[in-house]
Structure formats: C-alpha cells, structure tokens
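What follows is one structure encoded as structure tokens, with my remarks underneath.
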Amino acid sequence: MSAGKLHSTATQPTGLRIKAVAAFGGVQIDTDDTWEYGVTNQSPEWLAKFPYGKIPTFETASGLNLYETIAIARHIASLSKNSLLGTSPEEAAQIDQWVSFGDTELSANGSFVRYMLNGKYPYNKPIDNYYRDRNARSLKYLESHLATRTYLVSERITLADISVASVLKSQCSWLLGKEERAAHPNTVRLLETVANQPAIKPIWGDLVYVDKAPQYVPPAKPKK
C-alpha cells in the first residue's frame, strides 16, 4: 500500500532525495512530477492543500499534507524497516544533526554561489569568496569525519547518508571540480557508495562530475 503521494519535478534535487529515501527504505509512494512553477502553485486546488506554494510536498495516506524536504524525508524514513533513523535516541539525534548539516552548511552555501553566478543575485566577489570558503570549511570537516568510518552515523546507511549524498551529488555536478574532489576522497566515496546502491541508482542515474569549479564571467559590455 502506498504511503502517499510526492509532488515534485523529475529533476528537483530534493525530490530525488525523497524518492531515494523511499526506494532504499522499501516504502512505496506515488509520485507526481507534473508540478509547474507559476501554474500549479497558483491554482486554488493546490493552495488549499499547500498554502505556501512550494515543492516538494507530500500527501500522506492518512490525509496529512506535508512540505519541507527534511520533514517529508524523515516521515518516509520512519516507515522503513531499514533503521534509517537509527536504533537509539543518540543515533537519531546524530542523524538529524547530519541532515541539517548537509542542508545548512553545504547546500545553502552552494546556493548563494550559484545564484550569484547565474545572475539571480547581483555578483559580489567578496561574498562569492565568503560562501566558497564556508563550503570548503564544511567539506573539510565532513572529510575528516569520514576518515575513520564508512557512514556518517552507524555501520549502515541512514537518512543522514542519503541526505548528505544528495547535496554532494548536486555540488559535484557544477561546483566541485577535479581539484576539490581529489582533496576529499572520503567524501566522494560516501557519495558514490550511496549513489550506487541498487535501489537508488535507477533514481539518481549516473553521477555527473564537473571538470573545474565555475568562476564568474562578467557580461559583455554593450558596444558604443
């Protein structure tokens, strides 16, 4: 029986994270990837269920409507028999810690850089450097943590590993070039271990690695 329906898009990284959690945890969910920005989230039917208007969202089988990636992923993980949330209160707390770390100390930093490079935010070199440095600091800490362990919390994959790997998957495709990846072999190992799980690989597909970290290219000046 399906645990509910996930609303996302076919390529949304956070939606892919939730799909991976469900697949690895053996939790059946339905998916709807037809969400369209400016259309779906403006409809009265959608806003009646999800007033904030964002994705991913999840309609549980019991009728509860959830939004926010962490909340949805944790709910689905709680339905798994694979101990995705750990086997003790201490492990559960550590899992929450690493899920939060991935989103606030990696994903958020990368988003600021991306938005400045693609023009969504005005480019500012000191701010660009600041968030790259913050991201590098986070990667260094993650790398040191993984130097003596295979997974982030326990001896098996948990929600923490899938969540952090989903962020690394995105960053390796555009932000972390060969040089950065070579400096963090344990971190890349975690990503590849999670991404190549038989239940997850069909969802995430082959990993894409960027050759060099992107740099700001100022727009061409108009001809006089």
Side-chain angles (χ1 to χ4, degrees), residues 6 8-25 27 29 31 33 35 55-56 68-74 76-77 80 82 84 95-115 117-118 131-132 134-146 149-153 156-214:
L6 173 69
S8 181
T9 68
T11 59
Q12 185 188 33
T14 48
L16 291 172
R17 178 197 304 186
I18 294 167
K19 292 174 184 177
V21 171
F24 187 81
V27 179
I29 63 171
T31 59
D33 292 337
W35 188 90
I55 54 170
E68 293 297 345
T69 303
I70 292 176
I72 298 169
R74 199 180 197 288
I76 293 174
S80 170
N82 290 357
L84 288 178
I95 289 166
D96 286 346
Q97 167 189 279
W98 281 108
V99 171
S100 179
F101 176 89
D103 281 358
T104 60
E105 301 298 335
L106 286 172
S107 182
N109 293 328
S111 292
F112 276 107
V113 175
R114 182 193 288 272
Y115 291 155
L117 294 183
N118 67 16
Y131 282 106
R132 288 179 194 259
R134 281 184 62 91
N135 206 61
R137 173 176 177 265
S138 299
L139 287 169
K140 182 178 180 181
Y141 175 70
L142 178 60
E143 178 70 13
S144 65
H145 180 77
L146 290 169
R149 49 181 62 84
T150 303
Y151 302 115
L152 290 169
V153 175
R156 61 181 62 188
I157 290 176
T158 66
L159 177 61
D161 302 291
I162 298 174
S163 297
V164 171
S166 73
V167 177
L168 294 172
K169 174 180 180 293
S170 176
Q171 288 204 354
C172 283
S173 72
W174 73 275
L175 180 61
L176 307 178
K178 285 183 179 179
E179 182 178 343
E180 290 78 17
R181 296 194 302 274
H184 303 91
N186 300 316
T187 300
V188 174
R189 169 180 51 77
L190 175 70
L191 167 61
E192 293 181 344
T193 299
V194 173
N196 287 311
Q197 293 298 307
I200 294 177
K201 188 172 178 61
I203 297 169
W204 285 4
D206 293 332
L207 295 173
V208 176
Y209 292 126
V210 69
D211 187 50
K212 293 183 179 180

Next item on the list: Identify the heavy atoms of Glu105 and Ser138 that sit nearest to each other, and give their distance.
Entry: O-OG, 2.8 Å
Notebook entry, point to check: In Å, rounded to the nearest 0.5 Å, how long is the span from CD1 of Ile70 to CG of Leu159?
Noted result: 9.0 Å
Check: Is a donor on one side and an acceptor on the other found under 3.5 Å between the side chain of Ser170 and the backbone of Ser166?
Finding: no
Next item on the list: Quick one: closest heavy-atom pair of Lys201 and Asn196, and the distance?
Entry: NZ-OD1, 3.6 Å
Item checked: side chain to side chain contact (heavy atoms under 4.5 Å, CB included) between Trp35 and Gln12, intermediate numbers included -> CA-CA 11 Å; Trp35 188 90; Gln12 185 188 33; over 6 Å; no
Check: Are any non-hydrogen side-chain atoms of Leu191 and Thr187 less than 4.5 angstrom apart?
Finding: no
Next item on the list: Examine distances only and state if a side-chain atom of Arg156 and a backbone atom of Tyr151 form a donor-acceptor pair shorter than 3.5 Å.
Entry: no
Notebook entry, point to check: Which heavy atom of Ala22 sits nearest a heavy atom of Ile29, and at what distance?
Noted result: CB-CD1, 3.8 Å
Next item on the list: Taking atom CZ of Arg149 as the centre, report whether more than 12 heavy atoms of other residues, nucleotides or ligands fall under 6.0 Å from it.
Entry: yes
Next item on the list: Looking only at non-hydrogen atoms, find the nearest pair between Leu84 and Ala77 and report the distance.
Entry: CB-CB, 3.9 Å
Checklist line | Point-to-point distance, once rounded to the nearest 0.5 Å, from CG of Leu16 to NZ of Lys169 | finding: 6.0 Å
Check: Say you draw a straight line from OG of Ser163 to CD1 of Ile95; how long is it, rounded to the nearest 0.5 Å?
Finding: 9.5 Å
Notebook entry, point to check: Distance-only, no hydrogens or angles: does the Gln171 side chain make a donor-acceptor pair with backbone N or O of Leu106 under 3.5 Å?
Noted result: yes
Next item on the list: Give the minimum heavy-atom separation between Ala73 and Val21, together with the two atoms involved.
Entry: O-CG1, 3.8 Å
Checklist line | Any donor-acceptor pair under 3.5 Å from Thr14 side chain to Thr69 backbone | finding: no
Next item on the list: Quick one: closest heavy-atom pair of Pro56 and Leu6, and the distance?
Entry: CB-CD1, 4.0 Å
Margin query: Quick one: does any side-chain atom of Ser111 pair with a main-chain N or O of Ser107 as donor and acceptor, under 3.5 Å?
Written below: yes
Check: Between Ile55 and Thr9, does a side chain to side chain contact (heavy atoms under 4.5 Å, CB included) hold up when you go through it step by step?
Finding: CA-CA 9 Å; Ile55 54 170; Thr9 68; 3.8 Å; yes
Checklist line | Beyond-backbone contact of Leu176 with Val188, side-chain heavy atoms, under 4.5 angstrom | finding: no
Check: Does some side-chain heavy atom of Val153 sit less than 4.5 Å from a side-chain heavy atom of Gln97?
Finding: no
Item checked: Spatial distance of atom CZ (Phe112) from atom CZ (Arg134) [nearest 0.5 Å] -> 9.5 Å
Notebook entry, point to check: Taking only residues two or more places apart in sequence, or in another chain, which ones meet Asp33 in a side chain to side chain donor-acceptor pair (under 3.5 Å)?
Noted result: Lys19
Margin query: Does atom CG (Asn118) have a neighbourhood of more than 12 heavy atoms from anything else shown, all under 6.0 Å?
Written below: yes
Note to self: Just verifying a value: how many Å separate Leu139 CG and Asn186 CG, rounded to the nearest 0.5 Å?
What the structure shows: 12.0 Å
Note to self: I want to check something: taking the side chain as every heavy atom from C-beta on, are Leu175 and Arg114 in contact at a cut-off of under 4.5 Å?
What the structure shows: no
Check: Ser144 side chain to Tyr141 main-chain N or O, any donor-acceptor pair under 3.5 Å?
Finding: yes
Margin query: Using only atom types and a distance under 3.5 Å, with no angle test, would you say the side chain of Asn135 pairs donor to acceptor with the backbone of Tyr131?
Written below: no
Check: How long is the span from the OG atom in Ser8 to the CZ atom in Arg17, to the nearest 0.5 Å?
Finding: 11.5 Å
Next item on the list: Spell out, as yes or no, whether a donor-acceptor pair under 3.5 Å connects the side chain of Asp161 to the backbone of Val194.
Entry: no
Check: Please, which pairs that meet side-chain hydrogen bond (donor to acceptor under 3.5 Å, both in side chains) have at least one residue in residues 173-182, sequence neighbours excluded?
Finding: Lys178-Asp211
